[in-house]
Number of protein chains: 2
Amino acid sequence: MNSNKYRMIYQELSGKIISGEYQQHDQLPSENLLVKQYQVSRETVRKALSLLQTNGFIQKLKGKGSVVIYNESMNFPVSQLISFEEIKESLNMDYVTHVESFDKVHASDYPAVMTALKISGNTELFKVVRTRRKGETVNIIDTDYFLVELMPTLTKEIAEQSIYSYIENQLGLVISFSNKAITFEPMTTAELELFNGASPPYAATVRSIVHLSNAVAFQYNISKHRASEFKFVDFSRRPTIKK
Amino acid sequence: MNSNKYRMIYQELSGKIISGEYQQHDQLPSENLLVKQYQVSRETVRKALSLLQTNGFIQKLKGKGSVVIYNESMNFPVSQLISFEEIKESLNMDYVTHVESFDKVHASDYPAVMTALKISGNTELFKVVRTRRKGETVNIIDTDYFLVELMPTLTKEIAEQSIYSYIENQLGLVISFSNKAITFEPMTTAELELFNGASPPYAATVRSIVHLSNAVAFQYNISKHRASEFKFVDFSRRPTIKK
DNA sequence: GAGTGGTCTAGACCACTAA
DNA sequence: TAGTGGTCTAGACCACTCG
């Protein structure tokens, strides 16, 4: 699957960084060394290193080498396009997902979704509301809208597991990128009820528009988090190109 | 300054997208066409297009071409390493910065900063507290800690303008990447006072560790936002490499 | 089949860092 | 000066899309 040379190199090096074989502030082997080790061209090594750099694993220093900057403690629900089930898995979290409702609706009743996904009013959508509980307390309410046309066989049972796994593994679609907005908003009475009370009565709210690799927006997600439990972590680089 | 070929191409294409000459869903010229237009090699064109893709301007579709996905409305204090003055400028915001305090302190009194910047207790720091006001209301309180060693000539006057501009243009240092964490926290009484009241008494809190291009952490920033005014926007891609 | 983007190569020249 | 990463080239072969 990942049989590209640069992906293999990326995987091996990132794996060694995550496992701790390379620690923060360590030097990676030089590009020339990696060329010899992997028996590939320099541009291929550089492609792998560039990926490591944009993903926050290393910093390349001209004239010096590549140094590891990844630090486990600064990790977490990272600014990445990852499904809740995937986060849960990678963090060994003891969350339980419960499907509160699963309906087929018309976009015309949800103007915000219409504009976000740029669809017409008669487009059919699956509306899925799910809660994420830790023990007895609900910490997250996820409301999702999916294009029925792209996944006509979606069911409540699938929604109880991982919809992303279904989309990628069963349907063979490729999820690619998203736009997110994070705000802090008062809870509606319905939300307060689902949360079974929350102090403060405010929710950290993440709205996302998710796109496939063919650039089609297929999902609109509203994720309401109990504010006291919310943390969003991000790695970002300063734009290298200025006017 | 940006005399690289791929940067020039990036600038020109991103400029045309931002200005609206290329609209969302438009096709960019094919790689081969760009090769001819710019009289460069294909890898150089591809470098520019890759940058446009990772920065959320385009999506490349195998067998088809590059399509514009950038959409102005989904813009804003984006997940990027940008200083407040730069945001202000790019959005024509009518904010006023006021320096509340400017001190030289010892790291030992700020254990959170010590661990964040990985420095020893006797390291000298500038502690700068600034408020950002729109009219009469304070919307943001920024608390910054900078390594004195790297910028001994920092002054309160500079802090009233743009510290980032001073660091890059006066000192010639290159600001490179940062780790951020966003949380929602109750305000302290001191903060409530600076905000001159805020309902709810919660602050959207962004903590960042900012690094230079040589991977040295030089700044720790705590940015408290009036929750009702806070919005954080992010573009992210799904990791292409899986285990 | 023609055109598109994706991967990879071998080699060149440059700018920067460090001893 | 030797070693490092940054840019650029010309060409190859592949996989995908679409008419």
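Numbered from 1 within each chain, the chains take letters A, B, ... in sequence-line order.
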Original post:
Within the side chain of Arg237(B), is there an N or O that forms a donor-acceptor pair under 3.5 Å with the backbone of Asn55(B)?
Top reply: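 A pair under 3.5 Å: no.
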Exercise answer: donor-acceptor pairs, residues 146-160 of chain B side-chain atoms, under 3.5 Å, sequence neighbours excluded:
from, atom 1, to, atom 2, distance (Å)
Thr153(B), OG1, Tyr166(B), OH, 2.5
Thr155(B), OG1, Glu157(B), N, 3.4
Thr155(B), OG1, Ile158(B), N, 3.2

How close or far is atom [atom2] of [N] from atom [atom1] of [X], stated in whole angstroms?
| X | N | atom1 | atom2 | value |
| --- | --- | --- | --- | --- |
| Tyr38(B) | dC8(D) | OH | P | 14 Å |
| Arg7(B) | dG6(D) | CZ | P | 10 Å |
| Leu33(B) | dT4(C) | CG | C1' | 11 Å |
| Glu43(A) | dT9(D) | CD | P | 12 Å |
| Asn214(B) | dG5(D) | CG | C1' | 15 Å |
| Asn4(B) | dC13(C) | CG | P | 18 Å |
| Met8(A) | dT7(C) | CE | P | 15 Å |
| Lys47(B) | dG6(D) | NZ | P | 9 Å |

Original post:
Which word best sums up how the rings of Tyr10(A) and Phe57(A) line up, parallel for under 30°, tilted for 30 to 60°, or perpendicular for over 60°?
Top reply: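 Rings of Tyr10(A) and Phe57(A): perpendicular, as their planes differ by over 60°.
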When you get a sec, tell me which of [options] is the closest nucleotide to the side chain of [X]?
| X | options | result |
| --- | --- | --- |
| Arg46(B) | dT9(C), dT7(D), dG5(C) | dG5(C) |
| Lys60(A) | dG6(D), dT9(D), dC8(C) | dG6(D) |
| Lys62(B) | dC8(D), dC8(C), dG6(C) | dG6(C) |
| Val40(B) | dT9(D), dT9(C), dT4(D) | dT9(D) |
| Glu31(A) | dG11(C), dA10(D), dG6(D) | dG6(D) |

**OP:** Identify the residue among Tyr220(A), Phe102(A), Phe218(A), Tyr110(A) that makes a ring pair (Phe, Tyr, Trp, His ring centres under 6.0 Å) with Phe126(A).
**Re:**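 For Phe126(A), the ring pair (Phe, Tyr, Trp, His ring centres under 6.0 Å) check succeeds only for Phe102(A).
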Phosphate-side-chain proximity, [X] and [N], N/O vs OP1/OP2 below 4.0 Å:
| X | N | answer |
| --- | --- | --- |
| Lys64(A) | dC16(C) | no |
| Arg42(A) | dT4(D) | no |
| Ser41(A) | dC8(C) | no |
| Thr44(B) | dT9(D) | yes |
| Tyr6(B) | dC8(D) | no |
| Asn32(A) | dT4(D) | yes |

**OP:** Could you check whether Leu61(B) gets within reach of a base, just the sugar-phosphate, or nothing at all, counting any heavy atom under 4.0 Å?
**Re:**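 Contact class for Leu61(B): sugar-phosphate only.
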Original post:
For residues Tyr6(B) and Glu43(B), is any side-chain donor paired with an opposing acceptor at under 3.5 Å?
Top reply: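 The criterion, which ignores hydrogens and geometry beyond distance, is not satisfied for Glu43(B) and Tyr6(B).
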